[in-house]
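Here is the structure we will look at.
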Amino acid sequence: MSASSSAENAALAKKIVGILKRRFGEIPWWPGDTDEVMIGAILTQQTRWENVEQALRLLKERNLCSLSALCAADLPDIESAIRCTGFYRIKARRLKVLAAFVTDTCGGVSVMDTIPTEELREGLLGVNGIGEETADSILCYGFARPSFVIDSYTERLARCGGITTHRSGLKPLFESILAEDPHVYHQTHAHIVEYAKEWCTKKRCKGCRIMALNG
DNA sequence: GACCAGGTCCTTG
DNA sequence: CAAGGACATGGT
């Protein structure tokens, strides 16, 4: 059976969140300072996280793992460090644009930290190369704001779990059933990705037993 | 060799 | 506004 009302979708989402929390407990996710989170958020677009880690290592080795360093760096140097993440030319440009936005437009991370979440989100979305997922990743993991991240894995798991809400409705759905606590948002999204990476393939559920893991 | 990966932007119909 | 293509390396 599948949910048809928003109340049923919310109940399903709550149940799934609880199941995943019991299954995974506390897990580490996206460590690093705000600059590193923002850089990683761009690099992970359509890319495996393991490749992003490699690129972050190279950036650190070359003293390029900060937005101020990226502002001053030459494009080819950035490209060479992040090549392993794919789409490296466009991502290098996006890093430059983001770095300029943070340092020049905003006046630095400490200033951004004082901006209300919705306003900050709109600002980020106005940056070329930053869409909803990247913006919410930056807000959630970089600025500890309760802005839930919806990625392809969240979408897959929701489908596997029988949630009928379409992608655009998932963010408000999850935010409505979670405590407004950045740590809860971090862990919940981490749990979803950990589970869906293994069990929910692109088009169909591959033996996903999310609703059978006890309810 | 085919297919996919923690998206986003731009161009068409 | 939906659909399609471009961006690109690396792993299974």
Side-chain angles (χ1 to χ4, degrees), chain A residues 16-17 20 24 27-32 34 36-59 62 75-102 121-143 145 147-161 163 166-171 173-175 178 182 185-208 210:
Chain A
I16 290 170
V17 166
L20 293 176
F24 291 111
I27 60 179
W29 200 257
W30 217 322
T34 301
E36 186 174 336
V37 168
M38 288 194 269
I39 293 167
I42 295 288
L43 296 182
T44 198
Q45 292 172 352
Q46 193 65 25
T47 302
R48 298 176 201 282
W49 182 252
E50 298 72 50
N51 294 333
V52 174
E53 289 181 312
Q54 170 65 19
L56 288 173
R57 277 195 294 274
L58 287 175
L59 287 170
R62 302 171 189 186
L75 215 39
D77 291 333
I78 301 174
E79 291 176 350
S80 112
I82 69 173
R83 199 178 330 123
C84 62
T85 68
F87 302 133
Y88 63 90
R89 280 187 279 252
I90 194 169
K91 284 178 180 174
R93 275 184 264 125
R94 287 175 179 176
L95 286 174
K96 274 287 204 185
V97 171
L98 172 60
F101 172 76
V102 172
R121 187 169 193 269
E122 289 310 308
L124 288 167
L125 288 175
V127 176
N128 187 287
I130 297 187
E132 296 209 342
E133 182 185 336
T134 306
D136 288 330
S137 293
I138 290 172
L139 289 168
C140 188
Y141 294 104
F143 289 90
R145 306 298 180 89
S147 194
F148 198 71
V149 179
I150 303 299
D151 53 23
S152 64
Y153 287 140
T154 314
E155 196 175 10
R156 293 178 201 182
L157 180 58
R159 187 190 59 232
C160 287
I163 294 173
H166 47 289
R167 181 168 181 140
S168 65
L170 289 176
K171 178 177 163 67
L173 173 65
F174 277 96
E175 292 183 347
L178 293 174
Y185 278 45
H186 291 180
Q187 288 296 307
T188 302
H189 176 248
H191 293 158
I192 289 172
V193 174
E194 274 308 290
Y195 187 86
K197 259 203 304 204
E198 181 167 5
W199 295 107
C200 308
T201 55
K202 188 167 186 188
K203 268 310 172 190
R204 298 211 174 174
C205 235
K206 183 88 187 236
C208 172
I210 184 63

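Here is how names work: the chains are called A, B, and so on, in the same order as the sequence lines, proteins then strands, and each is numbered from 1. Worth saying up front: this structure is predicted, and the values here are computed from it rather than measured.
- Rounded to an integer number of Å, the gap from CZ of A:Phe87 to P of B:dC9 is 13 Å.
- Here A:Arg94 lies in heavy-atom contact (under 4.0 Å) with a base.
- Rounded to an integer number of Å, the gap from CH2 of A:Trp49 to P of B:dG7 is 12 Å.
- Across all strands shown, A:Arg48 has heavy atoms under 4.0 Å from base atoms, whether or not it also approaches the sugar-phosphate.
- A:Gln46 comes within contact range of at least one nucleobase, with a heavy-atom separation under 4.0 Å.
- For the pair A:Glu198 CD and C:dT12 P, the interatomic distance rounds to 14 Å; values are reported in whole Å.
- Using a 4.0 Å heavy-atom cutoff across all strands shown, A:Thr85 reaches no nucleic acid atom at all.
- The same atom, P, is picked in C:dA8 and in B:dG1; the two are 23 Å apart, to the nearest Å.
- Atom-to-atom, CD of A:Glu132 to P of B:dG7 comes out at 13 Å; the value is rounded to the nearest Å.
- Across the strands present, C:dA2 finds its partner in B:dT12; the criterion is a Watson-Crick or G-U wobble pair with both atom distances under 3.5 angstrom.
- Relative to the side chain of A:Arg83, the nucleotides C:dT9, B:dC10, C:dA8 differ in distance, and C:dT9 lies closest.
- A:Glu50 comes within 4.0 angstrom of no nucleic acid atom, judged by non-hydrogen atoms across all strands.
- Separating the CD1 atom of A:Ile42 from the C1' atom of C:dC7 is a distance of 14 Å, rounded to the nearest angstrom.
- No donor-acceptor distance shorter than 3.5 angstrom exists from the side chain of A:Arg159 to the backbone of A:Cys200, with no hydrogens or angles considered.
- In this structure, a donor-acceptor pair under 3.5 Å is present between the side chains of A:Arg62 and A:Ser80.
- The distance from atom CD of A:Gln54 to atom C1' of C:dG10 is 11 Å, rounded to the nearest whole Å.
- Backbone-only engagement by A:Ile130 is indicated by non-hydrogen atom pairs under 4.0 Å involving sugar-phosphate atoms exclusively.
- When every heavy atom of A:Thr34 is checked against every heavy atom of A:Gly142, the shortest pair comes out as OG1-O, 2.9 Å.
- Here the nucleotide nearest the side chain of A:Arg89, chosen from B:dG7, C:dG10, C:dA8, is C:dA8.
- When distances are taken from the side chain of A:Asn128 to each of C:dG10, C:dA8, B:dC9, the shortest belongs to B:dC9.
- Checking side-chain atoms of A:His189 against main-chain N and O of A:Tyr185 turns up no donor-acceptor pair under 3.5 Å.
- Look at A:Lys91 and A:Glu79 and you find no salt bridge, because none of the NZ, NE, NH1 or NH2 atoms lies under 4.0 Å from a carboxylate O.
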